[in-house]
J.: 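My questions all concern the structure below.
What you see is a predicted model; the values in this text were computed from it and never measured. In the text below, chain A, chain B and the rest are named by the order of the sequence lines, each starting its count at 1.
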Amino acid sequence: MASVFLGDLDDFIAPSQACVNPLFAAPASDKPAAIAGNGADAMELVLEDEFETLAPQVLPPQQQEPDLIKTSASKTATVSLNDCLACSGCVTSAETVLISQQSSGRLLSALRDKSFAVSVASLSPQSRASIADYFGLSPAQAQARIATFLAQLGVTHTIDAACAGDLCLVAARDEFIARARSPLPPVWTAPAPSVAVSRTTQRDAATGAESFNAPQLRGPLPLLVSACPGFVCYVEKTAPEALAYVSAVKSPQAAAGALVKGAAARAWGVAPAAVLHLSVQPCFDRKLEASRLDFVDTVAAEATEAAEAAAAPTADVDIVLSTSELLEMAAQYFRSLAPAPPAPELAPGIPLPPPTPEGAALASADAAGGASGGYAEHVFRHAAKVLHGVDIPQGAPLQYRQGRNVDMRELVLEVGGEVVMRFALAYGFRNIQSILTQLRRRRCAYQYVEVMACPGGCVNGGGQVRPAQETPQAMRERTVRVGGIMQAVPSLAQPDDSPLVQWVLGPGGAMPLDSAASALHTTFHAVPKLEATNSLLARW
Amino acid sequence: MAKLSLLATLEGHEERAWFVAWSPDGKLLASCSSDKTVRIWGRKAGGGDSQWLCVAVIEEGASRTVRSCAWSPCGKFLAVVSFDGTTSIWEKVAKGVMLSFELLASLEGHENEVKSVAWSTDGAHVATCGRDKSVWIWEAMDDGDYECVTVLHGHTQDVKMVAWHPSEPMLFSASYDNTIKIWAEDGDDWYCAETLEGHTSSVWSIALEGGGERLASASDDCTVLIWKRFEDAQPSGGRWRRVCKLAGYHARTVYSVAWHARQPLLATGAGDDAIRIFRESEGSSARSDAPSFDLEVTVASAHAGDVNCVAWAVTAAAATAAAAAAAAPHVLLASAGDDCLVKVWQYDAS
C-alpha cells in the first residue's frame with residue numbers, strides 16, 4: 001500500500017495515519033472509487049458530491065470544520081463520512097471536507113426534487129437561542145420564524161429537538177439508576193476494535209466476524225454522558241479504554257432521528273425512507289454523528305423492489321446544518337421580518353410540538369436544564385430522590401460548585417453530613433483530559449459526568465452564530481447570554497410531563513418500552529488502531 | 001578574533017542525538033536521543049570543563065525516540081518527551097557520585113509524537129507540543145501529580161517547539177505551519193494572543209532573549225528571524241514585529257537557535273553540519289527597532305551530520321558568574337548531532 005500524499009497538505013500521511021478505511025471497510029464497495037493515481041509522487045483523493053453541482057448560486061461554498069478537529073487543510077477529499085468515523089488515524093483534512101457533504105445545497109436540491117413525501121426539521125434549543133440572540137427575539141419567536149422560513153423552502157414540519165432531549169433524559173436517568181444500583185468494577189481496558197455495519201450489526205475488526213450491534217447497558221461508574229459527538233469520537237479513536245464508562249443513551253439528535261423515522265413515520269403512514277430529516281445543531285460534529293452506520297438501516301437493501309419499501313435503507317438523520325449555516329440561508333428572511341404564512345398542519349394524533357405560533361410555550365426539561373441538555377441537573381434530582389430519598393423541590397436551584405475552572409463544576413448531595421453523590425459537569429478538552437486521567441488512575445470521585453467537548457457546553461458549539469473575531473471575554477459573555485435565552489423557556493418538572501414523552505413511552509405509547517429502549521440506545525466502538533510506523537515519519 | 005573551541009566529545013548515544021539541556025546551575029547536561037534514552041553528563045573531578053562523565057542514564061520510560069527534555073527551574077526534576085506520546089517527569093536522586101532518576105509522574109494526553117517540553121520560570125507549569133498540532137499546559141499539583149490546564153489548538157500542522165517567556169505568563173510555540181503562536185492567559189484559560197508570520201517554511205526552534213523583549217526563530221527556510229515586542233499594538237492587535245533577518249548564512253535548514261541569557265550572543269545549529277555564533281552589532285540592542293547581528297564564528301563540520309540542537313550553559317549564581325565572566329569572558333555551549341555525539345564547546349570573545 002503506497003502512502004498517500006494529499007495535494008494541498010505539506011504533510012505526509014502514512015496509510016496508517018489516514019484513510020485506513022478503504023483497507024478494511026467497504027465490503028462490496030458501493031462507494032465511488034476513492035483513490036485515483038495522479039503521478040508518481042502524489043495521489044489525489046477525489047470527492048464526488050452529486051449534490052454539490054446542484055447547489056444554488058446564492059450560497060457561497062463554505063469551509064467547515066468539525067469542532068474537535070482543528071485544521072485548515074483545504075481541498076482534499078477522500079471516501080465518505082462514515083469511513084472517516086471508522087478510522088483511528090486521520091484527524092486531518094478528510095473529515096473537514098467530507099462534512100461539506102451535508103450542505104444547505106443538498107437540502108435545497110432534495111426539497112426541490114420532492115424526493116421525500118414528508119420533510120421534518122428538528123431544531124435544537126441551542127440553535128434556536130443563538131438565532132434569537134442574533135436577532136433579539138425570544139426563543140418562541142425564533143422557533144416560529146425558523147419554522148416559517150423552512151416551510152417556505154418546503155419543509156413540512158419543524159419540531160423542537162429539546163423534546164427529543166426529554167426522551168433522552170428519561171433514558172439517561174433510568175440508565176444511571178440501574179448502573180448506580182449494580183455498577184461493574186472500574187476498568188481501563190479497550191474493548192475489541194469493531195466497526196458498525198448497520199444499526200443491528202457490527203463487525204469485529206480483527207476477525208471480520210459479524211455480531212449483534214448491542215448497546216452496552218451495564219458498566220462501571222462514573223457514567224459519562226455520550227451526547228457530545230466530539231467527545232464520543234475522541235474516546236472511540238483515542239481513549240477506547242474509557243468506553244465502558246460511556247452512556248449507551250443516544251444523543252437528542254439521534255433520538256429525534258429514531259422518533260421521526262420510526263414512530264412518527266409509522267403514525268403518518270409513510271416509509272422511513274420517504275421522510276427527509278433535517279437536523280439543525282450548534283455543532284459540526286453532529287454531521288459526523290449523523291453519518292454513523294449505527295444509525296442506518298441497511299438490512300433491506302436488496303428487498304427495496306418489493307413491498308418492503310418501508311424498510312428501505314435509511315439514515316435517521318439525513319442532513320445536519322449548523323446554526324450558522326441555517327442563518328446564512330435565512331439571514332435575509334429574518335431581517336425582513338416578513339409576516340409568517342399560516343403554519344402547516346401536523347398529522348393529527350402526534351404530539352410532536354407543532355410549528356410553534358409566536359409566543360407559544362416551548363416547555364422542556366432539556367432546554368431549561370443547562371447549556372448542554374440538562375443531563376446532570378435532571379439525573380441528579382431524580383437520583384437524589386430515587387436512590388437517597390431526598391426530594392429537591394423543583395423551584396430550588398441546585399448548588400453548582402465551581403472546580404478548577406469555569407467549565408468544571410460539581411454537584412454534591414450530602415445526607416447526614418456525608419457525601420452520598422457527586423456529579424460533575426466537565427466541559428472543554430482540558431477537563432475531558434482531567435476526567436480521563438482520573439479514570440486511568442482509578443481515582444475518579446464522581447458517579448456521573450456530563451462531558452461536553454466545547455468550553456461553555458453546547459450553547460457555545462462550533463456551529464453557533466459568532467463574530468469572525470471574538471475575544472475570549474466576548475465569547476464567554478455570548479455563551480452566558482445565549483444560555484440564558486435558551487433556558488428562558490418553561491421547565492418541565494419531569495421530562496415525563498412532555499406530551500411527546502407520554503406519547504412515545506407512556507401507556508400504549510407509540511414505542512413500547514422494550515423497543516423504545518433500543519430506539520433510544522446505541523453502541524460505541526473502539527476504532528481499530530494502527531501504529532504509525534512509516535519510516536518517512538521517523539525523521540521528525 | 002572570537003573563537004569556538006571543542007572541549008569535549010561525549011560518546012554514548014547509539015542513535016542520533018536530538019537535544020541537550022543544561023541544568024540551571026550549569027553543572028549537569030542532559031541529552032536525548034533516538035536510542036530512547038536520556039544521558040546525564042557531569043564534569044569529572046579535577047577535569048575542568050573538558051572532561052565529562054555520564055553520571056546517569058534514563059533508559060526505561062520511552063518506547064520510541066526521546067525527542068526533548070527540560071530541567072525544572074529548581075534543577076530537581078527533568079521532564080522528558082518521547083515520540084511514543086508520553087511526557088514523563090523524573091526526580092533527581094543523588095547516589096554517591098552517581099545520580100539516579102525516579103519516575104514521578106506520567107503526563108498522558110498527546111495522541112502521538114511529543115516534540116518539545118518547557119518548564120515555566122516559576123516551575124508551576126509544564127508545556128508540551130507535538131505532532132497532533134496541539135500545545136498542552138500542565139500544572140504541578142501538591143501531590144507531585146500533574147493536571148492538564150489547557151489544550152491549545154490553533155496550529156494547522158505539527159508543533160515543533162514550545163518556549164516560555166522568562167518572566168510573564170506567556171507561551172510561544174513554533175510549527176511546521178511556518179508560524180509562531182503566542183499564547184496568553186485570560187482568566188482561567190489560555191488563548192492565542194498573536195500569530196507571527198514571516199518564515200516561509202517550518203519553524204524548528206525558538207529562543208527568548210534573557211529580558212523577554214525579543215525572540216529568535218530558526219527555520220527550514222535557512223533563516224533566523226528576530227522579533228521584538230513593541231509598546232503599541234498593530235491594527236491586528238499584534239505587538240510582536242519582525243525587526244531583523246539573518247539570511248544568507250545557513251546553507252541548509254536551521255534546526256536550533258539559542259540566545260545567551262546575559263550576553264548579546266546567538267548560536268545556531270543547522271543542517272549544513274555547522275555551528276555559528278552571531279554577536280549583536282555595536283550600538284544595536286533590545287531597544288533598537290532595526291537591530292543587526294554579525295557572524296563571528298562558523299565551525300563548518302561541527303558534527304558529522306545535522307546539528308540538531310545548540311544550548312548555552314548558564315549558571316544560576318548570576319552575581320558571581322557575571323563577575324567571573326567579566327574576568328574570563330568565555331562561555332560554554334553544548335551541541336547534539338545526527339552523528340550520535342554530544343559536544344561541549346568553549347566560546348571566547350575576541
J.: Please round to the nearest 0.5 Å and tell me the distance separating atom CG of B:L107 and atom OG1 of A:T437.
T.: 8.5 Å
J.: What residues, two or more places apart in sequence or in another chain, satisfy side chain to side chain donor-acceptor pair (under 3.5 Å) together with B:S202?
T.: none
J.: List the atom of B:D186, the atom of A:R476, and the distance in Å for their closest heavy-atom pair.
T.: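 Shortest heavy-atom contact: OD2-NH2, 2.6 Å.
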J.: Is chain A contacted by the side chain of B:S201, its backbone, both, or neither, given a heavy-atom distance below 4.5 Å?
T.: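 Neither part.
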J.: Over all heavy atoms of both residues, which pair between A:R430 and B:V149 is shortest? Give the atoms and the distance, please.
T.: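 It is CD-O, 2.8 Å.
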J.: Who passes salt bridge (charged side-chain N to carboxylate O under 4.0 Å, His left out) against B:E15, sequence neighbours left out?
T.: none
J.: What heavy-atom pair brings B:E147 and A:S434 nearest, and what distance separates the two atoms?
T.: CG-OG, 4.0 Å
J.: Got a second to check how far B:C148's SG is from A:I435's CD1, nearest 0.5 Å?
T.: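 The distance works out to 11.5 Å.
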J.: Hey, is NZ on B:K181 packed in by over 12 heavy atoms from elsewhere, all under 6.0 Å?
T.: yes
J.: As an exercise: rank B:V151, B:L152, B:I137, B:D132 by heavy-atom pairs under 4.5 Å with chain A and give me the winner.
T.: B:V151
J.: Taking all heavy atoms of B:G109 and all of A:Y234, pick out the closest pair and write down the distance.
T.: O-OH, 3.7 Å
J.: Go through A:R441 and B:D145 one step at a time and tell me if the side chain to side chain contact (heavy atoms under 4.5 Å, CB included) criterion holds.
T.: CA-CA 11 Å; A:R441 298 181 188 167; B:D145 215 338; 2.3 Å; yes
J.: Does CG in B:D142 sit with more than 12 non-hydrogen atoms of other residues, nucleotides or ligands closer than 6.0 Å?
T.: no
J.: Ion pair present between B:D188 and A:R404, side-chain N to carboxylate O less than 4.0 angstrom?
T.: no
